[in-house]
Amino acid sequence: MRAASAGVSGAADRRVVITGLGAITPIGVGAEEFAAGLRAGRSGAQPISAFDTGGFEHTIGCEVVGFDPASWLVTLDPAELGRVSRFSASAARMAVADAGLTDADLRGRHGLIAIGTTYGESGDIDRLVGQEVADGGTDPAIARRVNASRLSVTVAHELGLADVEAVTIPTACAAGNYAVGYGFDAIRDGTAEFALCGGADAMCRMSFAAFYRLGAMAPERCQPFDKNRRGMLTGEGGGVLVLEELAAARARGARIHAEVLGYGLNCDAGHQVAPDSDSVARCMELALRDGGVKPGDIDFISAHGTATKVNDVAEARAIRRVFGDDLPRTVSIKSMIGHTFGAAGALGTIGCTLAITGGFIPPTINHVETDPECALDCVPNTAVPADLRIVQNNALAFGGNNAVVVLGRVEERR
């Protein structure tokens with residue numbers, strides 16, 4: 001992938017479009033339910049049941065409930081998969097169906113599978129640690145599926161795909177957008193005929209405890225950009241998109257949700273956990289340049305927006321640096337679905353796509369008073385109708401990993 005790409009030589013006419021969406025979220029499973037949840041400003045916050053929360057004062061998170069992977073998986077036995085693999089394989093199956101494709105359609109074409117994650121099969125890691133503590137042994141069947149590379153390989157197995165590059169991208173909370181950028185490049189430069197790209201992560205005691213100890217966990221609700229925000233809520237889920245070349249998608253009569261115009265990546269490595277606003281701004285500039293759009297073209301930004309004190313201020317400063325006084329509306333869907341870690345960028349990109357097709361800007365819920373240090377229009381509490389042409393999705397991660405994707409409504413050559 002090219003962090004500073006401004007177009008691929010010889011591929012100027014290869015436009016990349018989104019033809020399929022698969023989403024597993026705390027506010028809805030499937031693109032239609034997810035869109036309805038975003039439009040309604042639904043909250044996924046509830047008491048955590050995924051693991052024992054004993055010893056923690058705050059025990060609220062955003063879990064995926066009522067999801068049955070057996071309703072989606074055709075080839076694989078869910079009982080033999082970790083929770084994150086169930087998310088990634090099921091979301092891929094949803095996306096392929098949404099694209100109007102069959103397994104046989106994909107098997108005749110060379111493709112890419114790219115799944116981003118922060119923790120991989122974190123729940124299984126929790127279980128292995130518990131077994132070691134309890135009886136000094138581990139379950140070999142669980143140990144075999146912990147390797148994070150299995151997330152993308154599981155998608156290939158579920159769909160019966162052999163002629164694919166299957167990669168798992170571990171760039172933490174920016175990984176979903178990294179995967180979209182990887183897929184975009186593969187289609188744009190002609191090395192793949194289709195790409196299944198996204199991210200997945202599940203709630204676990206390990207990640208919850210880590211952010212709790214950092215003081216980044218809110219007691220009850222996530223309030224991005226609010227003056228009195230107290231931190232994030234952990235979430236979980238999976239999101240996968242089908243990317244194809246525009247002419248090929250039109251030739252098969254595909255429904256086209258949106259176009260991927262460009263992306264930007266960078267890594268400042270300036271601090272383990274604190275974002276660098278200058279670096280975030282540069283990443284946004286790279287994405288805009290790669291997409292051939294100007295700051296004034298952006299109709300709204302789906303921010304990383306974790307509701308931690310440091311992140312929201314740093315991201316808001318970066319946005320002001322790039323956009324000046326002409327600030328687009330800037331929302332955080334983490335207020336609804338929590339921080340889904342490796343899935344966050346992918347679900348944000350899917351959310352932006354649904355906003356374009358549905359003609360609305362999702363709200364930032366739980367909002368009371370905007371922090372003056374952020375000073376953004378975060379579309380508080382209620383979605384607004386909007387005729388959207390170009391939108392931007394931000395994803396930031398520990399270690400200074402930043403990834404920004406720019407999407408647009410499909411139009412004639414810009």
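Just so you know, residue 1 is the first one in the sequence shown, and it goes up from there.
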*For the side-chain contact (heavy atoms from CB on, under 4.5 Å) test, which of Ile319, Asn402, Asn311 pairs with Val280?*
Asn402
*Could Arg109 and Phe194 be counted as a cation-pi pair, given that NZ or CZ must be under 6.0 Å from the ring centre and within 45° of the axis?*
no
*Should Phe225 and His367 be marked as a ring-ring contact (aromatic ring centres under 6.0 Å, His included) after you check the CA-CA gap, both sets of side-chain angles, and the distance that decides it?*
CA-CA 8 Å; Phe225 307 115; His367 196 75; 8.0 Å; no
*How far apart are the C-alpha atoms of Ile18 and Ile350, what are their side-chain angles, what is the distance that settles it, and do they pass the side chain to side chain contact (heavy atoms under 4.5 Å, CB included) test?*
CA-CA 9 Å; Ile18 300 167; Ile350 291 172; over 6 Å; no
_pair Phe87-Leu151: side-chain heavy atoms closer than 4.5 Å_ = no
*Do the side-chain N and O atoms of Asn401 and Thr171 include a donor-acceptor pair separated by under 3.5 angstrom?*
no
*Between CD1 of Ile301 and CG of Asp377, what distance do you get to the nearest 0.5 Å?*
11.5 Å
*asked:* Can you confirm whether the side chains of Asp312 and His304 place a donor and an acceptor under 3.5 Å from each other?
replied: no
*Sub-3.5 Å donor-acceptor pair from the side chain of Asn266 to the main-chain atoms of Ser279, do we have one?*
yes
*asked:* Under 3.5 Å, is there a donor on one side chain and an acceptor on the other for Glu165 and Tyr182?
replied: yes
*Checking side chain to side chain contact (heavy atoms under 4.5 Å, CB included) for the pair Ile60/Met217: CA distance, chi angles, key distance, verdict?*
CA-CA 9 Å; Ile60 302 296; Met217 203 68 68; over 6 Å; no
*asked:* Nearest 0.5 angstrom please: Phe184 CZ to Leu243 CG, how far?
replied: 9.0 Å
*State, without any angle test, whether Thr19 and Glu244 hold a side-chain donor-acceptor pair at a distance under 3.5 Å.*
yes
_Any Leu196 side-chain heavy atom under 4.5 Å of Val155 side chain_ = yes
*Which atom names give the shortest non-hydrogen contact between Cys197 and Val180, and what distance separates them?*
SG-CA, 3.9 Å
*Heavy-atom side-chain proximity of Thr75 to His157 below 4.5 angstrom*: no
*Output yes when a side-chain donor or acceptor of Glu245 lies under 3.5 Å from a complementary backbone atom of Ala247, and no otherwise.*
yes
*Any luck finding a side-chain donor-acceptor pair between Asn366 and Asp226 under 3.5 Å?*
no
*For Asp201 and Thr340, does a side-chain donor sit closer than 3.5 Å to a side-chain acceptor?*
no
_Worked check of side chain to side chain contact (heavy atoms under 4.5 Å, CB included) between Val17 and Val410_ = CA-CA 8 Å; Val17 294; Val410 176; 4.1 Å; yes
*For the residue pair His271 and Asp268, what are the closest heavy atoms and their distance?*
N-OD1, 4.3 Å
*If you measure from CG on Leu21 to CG on Leu241, what distance do you get to the nearest 0.5 Å?*
5.5 Å
*State, with a plain yes or no, whether a side-chain heavy atom of Thr117 is found less than 4.5 Å away from one of Ile169.*
no
*Could you walk me through whether Val391 and Val406 pass the side chain to side chain contact (heavy atoms under 4.5 Å, CB included) check?*
CA-CA 6 Å; Val391 302; Val406 178; over 6 Å; no
*Could you tell me which non-hydrogen atom of Gly264 sits nearest to which non-hydrogen atom of Ala287, and how far apart they are?*
N-CB, 3.5 Å
_Side-chain (Arg86) to main-chain (Pro78) donor-acceptor, under 3.5 angstrom_ = yes
*Would you mind reporting whether Val64 and Thr25 have side-chain heavy atoms less than 4.5 Å apart?*
no
*Answer with yes or no whether the side chains of Ser85 and Glu121 bring together a donor and an acceptor at under 3.5 Å.*
yes
*For the pair Gln46 (side chain) and Gly61 (backbone), establish whether a donor and an acceptor sit closer than 3.5 Å, ignoring hydrogens and angles.*
no
*For the residue pair Ser332 and Thr364, confirm or rule out a side-chain donor-acceptor distance under 3.5 Å.*
no
*CD1 on Ile390 to CD on Glu259, rounded to 0.5 Å*: 9.5 Å
*asked:* I need the minimum non-hydrogen distance between Val164 and Ala156, along with the two atoms involved.
replied: CG2-CB, 4.2 Å
_Passing candidate, salt bridge (Lys or Arg N to Asp or Glu O under 4.0 Å) with Asp278, options Arg317, Arg320, Arg321_ = Arg321
*Rounded distance (nearest 0.5 Å) linking atom CZ of Arg389 with atom CG of Asp297*: 6.0 Å
*asked:* Closer than 3.5 angstrom, by distance alone: can the side chain of Arg39 be matched with the main-chain N or O of Gly358 as a donor-acceptor pair?
replied: yes
_Non-hydrogen side-chain atoms of Arg93 and Ser88 separated by less than 4.5 Å_ = no
_Tell me whether Arg83 contacts the main-chain N or O of Met203 through its side chain, where contact means a donor paired with an acceptor under 3.5 Å._
no
*Give a yes or no answer on whether the side chain of Thr118 reaches the backbone of Gly342 with a donor-acceptor pair at less than 3.5 Å.*
yes
*Would you say the side-chain atoms of Glu63 and Ser49 include a donor-acceptor pair closer than 3.5 Å?*
yes
*Under 3.5 Å, is there a donor-acceptor pair between the side chain of His339 and the main chain of Met232?*
no
*asked:* For Val29 versus Glu33, what's the shortest heavy-atom pair and its separation?
replied: N-OE1, 3.1 Å
*asked:* Check whether Glu158 reaches the backbone of Leu76 with its side chain - one donor and one acceptor, N or O, closer than 3.5 Å.
replied: yes
*Give the intermediate values and the outcome of ring-ring contact (aromatic ring centres under 6.0 Å, His included) for residues Phe211 and Phe398.*
CA-CA 12 Å; Phe211 282 90; Phe398 284 178; 5.6 Å; yes
_Within the 4.5 Å heavy-atom criterion, are Asn177 and Val404 side-chain neighbours or not?_
no
*Between Asp299 (side chain) and Leu388 (backbone), is there a donor-acceptor pair under 3.5 Å?*
no
_Validation row: Val313, Cys374 side chains within 4.5 angstrom (heavy atoms)_ = yes
_Measuring from atom CZ of Arg255 to atom OG1 of Thr357, what distance do you get when rounded to the nearest 0.5 angstrom?_
8.0 Å
*Between Asp189 and Ala186, which heavy-atom pair has the shortest distance, and what is it?*
OD1-O, 3.1 Å
